[in-house]
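Okay, structure first, notes after.
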Amino acid sequence: MNTKSRNVINKILELLPPNSGVVRIEYEGPRIALYTQNPSVFLNNSVIISDIVKTIKKRIVIKVDEKRRKDENEARLILLDKIPKEAEVSTMLFDEALGEVIIEVKNPHLLSPDKGFNVNEIVNEIGWRIRIKKASPIPSQSIQHVYYTLKTTEQERKAFLRSVGEQIFRDRLTGRNEIRITALGGFKEVGRSAILVETLESKILIDCGINPGAKEPHEMYPRFDLIDLSLEDIDAVIISHAHLDHTGFLPVLFKFGYEGPVYCTEPTLSLTTLLLTDAIKVATMEGERYLYDMNDVRKFISHCITLPYGLVTDITSDVKLVLNNAGHILGSATIHLHIGEGAHNIVYTGDYKFDRTRLFPPATYIYPRVETLITESTYGAKSDIMPSRDETEKMFINAINEVIREGGKVLIPVPAVGRAQELLLVLNEFIQKKELIETTIFIEGMIKEATAIHLSFPEYLTKELRTRIVDQGENPFLSEYFTIIEHPDQREEAMAPGPAIIIATSGMLEGGPSVQYFMEMAGNEKNKILFVSYQVPGTLGRRVLDGAKQVSLLDENGKIRVVDIKCKVQKIEGFSGHSDYNQLIRFVSKLRGKVHRVIVNHGERKKVENLANAISRFLGIPTLQPNIGDSIKLL
Ligand code: ZN
């Protein structure tokens with residue numbers, strides 16, 4: 001044991017009351033676990049823990065000594081006996097690695113102390129920590145996949161968490177602070193986001209995506225080949241959100257020998273599992289071998305350490321991490337790195353929305369200190385001003401009504417995650433208000449699964465949605481007007497003559513059912529392709545949007561098909577999960593006075609240039625626009 005660890009443990013021992021019953025202190029990833037034979041001491045007096053945390057400034061978790069832990073089956077029976085039937089338990093996952101049981105129930109509000117449910121008493125009896133979650137009314141396969149992986153890897157995860165902890169809580173090698181970042185992807189472009197942050201003590205990778213629009217390997221993946229870095233040297237990977245341009249290359253790290261932790265929020269873990277698995281499926285259907293396989297996805301899941309928003313967590317000997325709401329998609333986070341005990345702070349925005357949407361509150365702008373801000377600039381041009389949400393919704397409904405009135409069909413290609421759920425809320429509301437002409441809305445692709453994941457994490461949604469889901473037991477994403485297409489055979493119904501609205505993935509017409517519908521619909525001038533999200537250059541969606549009159553595609557049987565585009569094509573701007581130009585400037589200006597430099601990334605070259613120039617001219621903050629491969633010394 002090193003000096004730092006010894007000091008921390010001695011401090012803890014000093015602060016423990018004499019009857020604490022603590023028999024063992026051990027690392028569990030970024031937390032210090034105290035194993036006690038007398039959990040009631042802590043359960044009945046939360047001040048003990050908060051005092052220790054305040055003094056040692058490390059995360060602490062109280063565990064019941066394994067000798068006192070009931071075996072799984074016995075514990076399950078006790079829980080089923082104590083939990084009122086009306087709460088309706090759907091899943092119970094005993095995770096040995098964390099000594100924790102996740103209990104999913106339909107009605108979590110019935111499990112409160114005023115309803116006579118005493119969690120502490122049960123913890124004391126069974127010796128497992130208890131986490132109660134709201135069960136989604138639609139079961140999510142991705143969450144089941146995550147649970148299954150956690151269950152089948154519990155022994156290796158136990159060892160993994162201990163070794164991660166030993167790394168985090170080791171002595172520092174030097175007292176000096178030097179910080180450098182290297183742009184590996186997502187600079188002067190959108191796609192394959194990746195940044196390496198290096199100090200004298202640690203190497204941290206932020207995001208690890210692919211470029212969905214690129215065709216050549218040197219444009220598709222982060223440029224690890226430009227630097228001298230062995231994957232074993234990376235201490236931690238942090239993921240801002242689940243979109244593949246931020247996560248798509250992650251399993252490849254595991255394939256080639258990375259064995260460290262990945263930090264992200266809990267919904268990001270489930271959504272990333274969904275998207276990474278789907279990428280394999282799509283490639284397999286096209287007869288290709290993909291970049292990675294399910295075993296690499298499994299390694300990703302078992303190496304994930306999830307964090308809620310706002311929690312300060314040590315991730316290396318000199319870096320603390322806080323994730324905060326980014327307002328972009330479910331679980332999306334800004335990444336705040338606090339380096340060297342106050343030496344420097346980096347805030348990386350990831351993709352963010354600095355405005356309220358129907359799904360999420362605006363991105364957090366409250367950071368105690370930010371010396372270096374790294375901001376995205378997807379909509380960084382002066383002309384990138386989006387209409388207000390209200391106007392957007394009206395335009396959207398009009399754009400649909402025009403087509404329905406003429407008897408045409410509207411195809412809305414959507415990314416499964418984010419916009420789809422928002423559109424479902426909008427369509428349902430306007431059809432109820434009778435402002436949208438009544439017609440069947442067909443939904444196909446990963447939307448159903450992504451919606452199930454949204455319903456499983458209501459605490460990440462707006463207060464209004466949370467109340468509807470948790471307190472009123474509603475599913476706000478469901479409507480009698482929606483028909484979910486589970487199998488391609490059912491597409492005939494959607495393609496039958498007459499008006500219809502079709503919402504299908506993928507959002508950029510790169511694979512998925514949206515491409516099949518596009519091929520059927522593009523030739524008829526009555527129809528309309530209605531885009532609601534950003535189209536990466538190089539994708540089919542972008543070519544259609546830019547006015548292509550003819551495109552050739554591979555159909556379901558792998559045959560080349562030439563498609564004439566006669567239908568209408570329209571883009572509605574305001575639904576974006578990204579900040580528009582004004583919102584970007586407003587966000588940065590909120591941090592004025594704190595920020596010493598702004599580094600602009602995640603935007604086409606022109607957008608990066610414009611946003612960087614505007615920030616230095618109007619806000620007086622020095623800016624940088626690095627190219628891929630550039631290293632910048634921050635301290
Ligand atoms: Zn994104």
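First listed ligand is number 1; within each ligand, the first listed atom is number 1.
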Output yes if His328 passes the N/O/S-under-2.8 Å test against the Zn ion (ligand 1); output no otherwise. yes
Please name the atom of His243, limited to N, O or S, that comes nearest to the Zn ion (ligand 1). ND1
Verdict with supporting geometry, His243 and Asp351, side chain to side chain donor-acceptor pair (under 3.5 Å): CA-CA 10 Å; His243 281 153; Asp351 297 358; 4.6 Å; no
Of all N, O or S atoms in Asp351, identify the one at the shortest distance from the Zn ion (ligand 1). OD2
Under a 4.0 Å N-O cut-off, is there an ion pair linking Glu371 with Arg369? yes
Check all N, O or S atoms of His241 and name the one closest to the Zn ion (ligand 1). NE2
Do the rings of Phe360 and His454 sit parallel, tilted or perpendicular, given the 30° and 60° boundaries? tilted
Any salt bridge linking Arg542 with Asp546? Criterion: basic side-chain nitrogen under 4.0 Å from a carboxylate oxygen. yes
